[in-house]
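The chains referred to below are lettered A, B, ... by the order of the sequence lines, with proteins before strands, and numbering in each begins at 1. Just so you know, these numbers use all the heavy atoms, side chains as well, and skip hydrogens, waters and symmetry mates.
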Amino acid sequence: MIDVELLRNRPEKVEENLARRRNPEYLRLFAEARAKDAEWRAALLEADHFRRRRNELSREIAAARREAKSPTALEEEARGLPEGLRAAEQREHELHASRDAVLRRIPNLLDDAVPYGKDDSENVVVATWGEPIRGAGERKAHGDVLEALGLAEFDRARRASGAGFYYLEGDVVLLDLALQRFALDFLRGRGFTPVEPPFLLRREPYEGVTDLADFENVMYKIEGEDLYLIATSEHPLAALYLGEILEEERLPIRLAGLSYSFRREIGGHGVDQKGIFRVHQFFKIEQFIFARPEDSPRLHEELRANAEELFRRLKVPYRVVNVCTGDVGTVAAKKYDIEAWFPRQQAYREVVSCSNCTDYQSRRLGIRMGKAGRPGKVVPHTLNSTAIATSRAIAVILEQYQRPDGSVEVPEVLRPYMDGREAIAVASKGPS
RNA sequence: GCUGAGGUAGCCUAGCCCGGUAAGGCGCCAGCCUUGAAAGCUGGUGGCGAUCUCGCCGCGGGAGUUCGAAUCUCCCCCUCAGCGCCA
């Protein structure tokens with residue numbers, strides 16, 4: 001949610017910024033929010049006048065009683081007040097709620113460094129690393145590798161849970177755990193505190209961290225409960241300090257979230273291929289930071305550098321794109337995607353999303369900054385980035401590290417987490 | 001799930017039975033004092049709005065009674081303790 005002060009004092013700035021998102025709807029919403037805000041303030045003033053008179057009268061009645069005088073005339077005026085007050089209060093409430101509803105649909109203000117563009121085709125490549133393997137040759141798609149080695153079951157998963165689910169078995173489970181521990185140890189070394197968050201969140205905090213369209217399209221709801229399966233640990237991590245005041249001296253707070261991510265992805269691309277590249281459930285190690293506003297640009301680069309380093313250590317070629325205005329999403333002010341090279345597909349595909357959300361989530365969550373336990377008006381910034389989503393990391397490893405004999409080499413940095421093994425091979429359903 | 005106790009400003013607590021401007025402490029800020037600091041003393045310390053020496057709001061949320069509700073009534077939410085169930 002954008003700052004109401006900006007809406008009142010620098011509307012032309014906000015309009016200019018919103019226009020860069022290339023969606024005229026946002027400008028319309030902003031104009032509506034401004035109009036509603038003005039109306040609300042007028043209504044508030046009116047209700048205040050009623051309340052002021054009520055307070056005056058009730059003080060006078062009390063005083064008259066104390067002096068044993070009859071306050072009949074005062075009481076008569078007082079009796080007539082609630083009617084007008086009720087109407088004014090109701091109008092004030094409605095306008096306030098309606099202003100905020102509109103305000104909440106307005107996206108975050110974009111950083112100046114976000115390139116102007118209409119969709120993901122206009123994202124700007126800002127870095128590349130590694131030598132992409134040119135030519136797919138005999139290479140198999142990662143889903144086929146998994147099936148050939150008996151490391152996953154997609155048909156049975158479909159029968160049990162539907163498309164987009166999977167059973168992982170044998171060595172690939174160890175690979176998954178190895179990736180988790182590899183990423184986690186790396187982040188611990190860089191000052192991140194590991195956090196296992198709740199995998200279900202109530203609606204109220206959820207509305208603080210994401211936008212409403214996402215909410216309807218990607219979230220799984222628990223029937224009969226006010227609970228939603230998290231789409232990423234970013235969400236419960238952001239909600240960790242819901243309604244609290246963070247002491248400035250404690251910032252930045254670096255968190256490493258470990259969780260499954262659950263996504264329906266209705267209306268998106270859906271489940272598009274056999275395998276685990278796009279699925280309804282996957283494990284992710286997430287970087288998350290609560291920061292002072294002045295530090296957030298630097299920390300955004302830090303998150304990106306961490307994510308890059310992880311893929312360099314895995315020796316997976318990648319490129320970094322600066323996501324353009326038309327593709328950046330509602331909540332982020334600036335976003336980098338890291339796209340790994342998938343040799344079978346001969347394409348770069350997203351494995352990391354790294355966002356600076358500035359004050360957008362914090363304001364919606366009622367998180368403020370303060371000095372020494374004293375509340376302040378400043379709203380801290382939040383930043384998040386994938387460290388490793390194991391599903392995608394496994395997919396790219398299986399495509400890149402597969403060998404002509406059908407086995408798959410284990411990336412060197414993961415071997416300590418896999419009993420020193422150099423390769424994974426066919427799984428059988430016996431004890432491993 | 002049952003029973004009980006609770007939810008008051010950044011934190012802790014009083015007020016609630018018996019309706020009339022939310023008291024006190026801690027922390028923090030400023031001033032005085034001091035070579036400096038601590039202690040001590042004094043003042044300040046939430047949100048919203050405005051015509052900016054003013055007003056309104058604020059006691060978990062909502063509704064009601066009343067001229068007037070932290071206080072009375074009803075509904076709901078949450079937390080804690082004990083019991084039950086349980087990996």
Side-chain angles (χ1 to χ4, degrees), chain A residues 1-9 11 33-104 196 198-208 221-222 224-228 236 239-251 253 259-260 290 292 359 362-380:
Chain A
M1 189 158 64
I2 62 167
D3 191 348
V4 191
E5 296 290 321
L6 274 175
L7 171 141
R8 287 177 198 153
N9 303 329
R34 280 184 76 191
K36 289 247 164 81
D37 183 57
E39 281 184 72
W40 168 69
R41 285 189 285 169
L44 179 64
L45 206 58
E46 198 194 343
D48 276 358
H49 283 139
F50 275 106
R51 283 191 284 248
R52 176 183 193 166
R53 187 62 193 145
R54 180 189 64 187
N55 292 344
E56 284 168 359
L57 284 169
S58 99
R59 274 192 290 267
E60 285 166 24
I61 288 168
R65 291 238 171 104
R66 262 198 307 278
E67 292 163 30
K69 287 188 217 150
S70 170
T72 328
L74 293 169
E75 278 178 350
E76 199 168 319
E77 186 190 348
R79 250 189 294 278
L81 264 179
E83 196 182 343
L85 174 62
R86 235 190 298 276
E89 270 183 336
Q90 196 189 335
R91 198 173 127 71
E92 186 255 304
H93 277 134
E94 279 168 9
L95 279 164
H96 191 262
S98 133
R99 181 201 74 179
D100 277 1
V102 176
L103 214 49
R104 282 177 161 272
E196 267 188 28
F199 290 7
L200 297 112
L201 273 191
R202 294 188 299 106
R203 179 159 190 140
E204 187 212 314
Y206 231 112
E207 286 184 345
K221 181 175 182 5
I222 304 299
E225 305 260 356
D226 176 29
L227 285 173
Y228 298 80
L240 175 61
Y241 298 118
L242 178 66
E244 291 193 47
I245 290 150
L246 301 182
E247 289 192 20
E248 199 177 324
E249 298 77 16
R250 285 183 59 206
L251 300 176
I253 298 171
S259 83
Y260 284 97
F290 289 98
R292 294 182 199 145
D359 59 3
S362 294
R363 181 168 292 110
R364 290 163 80 117
L365 290 166
I367 301 171
R368 285 175 292 164
M369 253 166 58
K371 266 187 185 159
R374 212 167 123 245
K377 291 189 87 169
V378 180
V379 175

Starting from [atom2] on [N], measure out to [atom1] on [X] and report it in whole angstrom.
X	N	atom1	atom2	value
A:Q90	B:rG64	CD	P	10 Å
A:L57	B:rA69	CG	P	13 Å
A:R86	B:rA63	CZ	C1'	11 Å
A:L242	B:rC77	CG	P	19 Å
A:L85	B:rG64	CG	C1'	15 Å
A:H96	B:rG62	NE2	P	13 Å
A:E247	B:rG27	CD	P	14 Å
A:I61	B:rG19	CD1	C1'	14 Å

Nearest-angstrom distance, [atom1] atom, [N] to [M]:
N	M	atom1	result
B:rU13	B:rC26	C1'	10 Å
B:rU51	B:rC56	C1'	15 Å
B:rG20	B:rA37	P	46 Å
B:rC33	B:rG15	C1'	36 Å
B:rG24	B:rU45	P	13 Å
B:rG10	B:rG4	P	33 Å
B:rC72	B:rU65	C1'	8 Å
B:rC83	B:rC29	P	45 Å

Is there a Watson-Crick or G-U wobble partner for [N] with both distances under 3.5 Å, and which nucleotide is it?
N	result
B:rC85	none
B:rG46	B:rC57
B:rA63	B:rU73
B:rA39	none
B:rA14	none
B:rC33	none
B:rG6	B:rC78
B:rG19	none

Does B:rC52 adopt a syn or an anti glycosidic conformation, taking syn as a chi angle within 90° of 0? syn

Going by a 90° cut-off around 0, is B:rU8 syn or anti? anti

Please determine if A:R53 and A:E56 form a salt bridge, counting it only when a charged side-chain N lies under 4.0 Å from a carboxylate O. yes

Salt bridge flag under 4.0 Å for residues A:R41 and A:D37: yes

Does the side chain of [Y] come within less than 4.5 Å of [X]'s, by heavy atoms?
X	Y	result
A:E92	A:E46	no
A:I2	A:L103	yes
A:V4	A:R99	yes

Report yes or no: does [X] contribute a side-chain atom to a donor-acceptor pair with the main-chain N or O of [Y] at less than 3.5 Å?
X	Y	answer
A:S362	A:P380	yes
A:R364	A:R104	yes
A:H93	A:E89	yes

Does the protein touch nucleotides 51-59 of chain B at the base, only the backbone, or not at all? Give it as B, S and - per nucleotide, heavy atoms under 4.0 Å. ---SBSS--

Parallel, tilted or perpendicular, judged at 30° and 60°: which one describes the rings of A:F199 and A:Y260? perpendicular

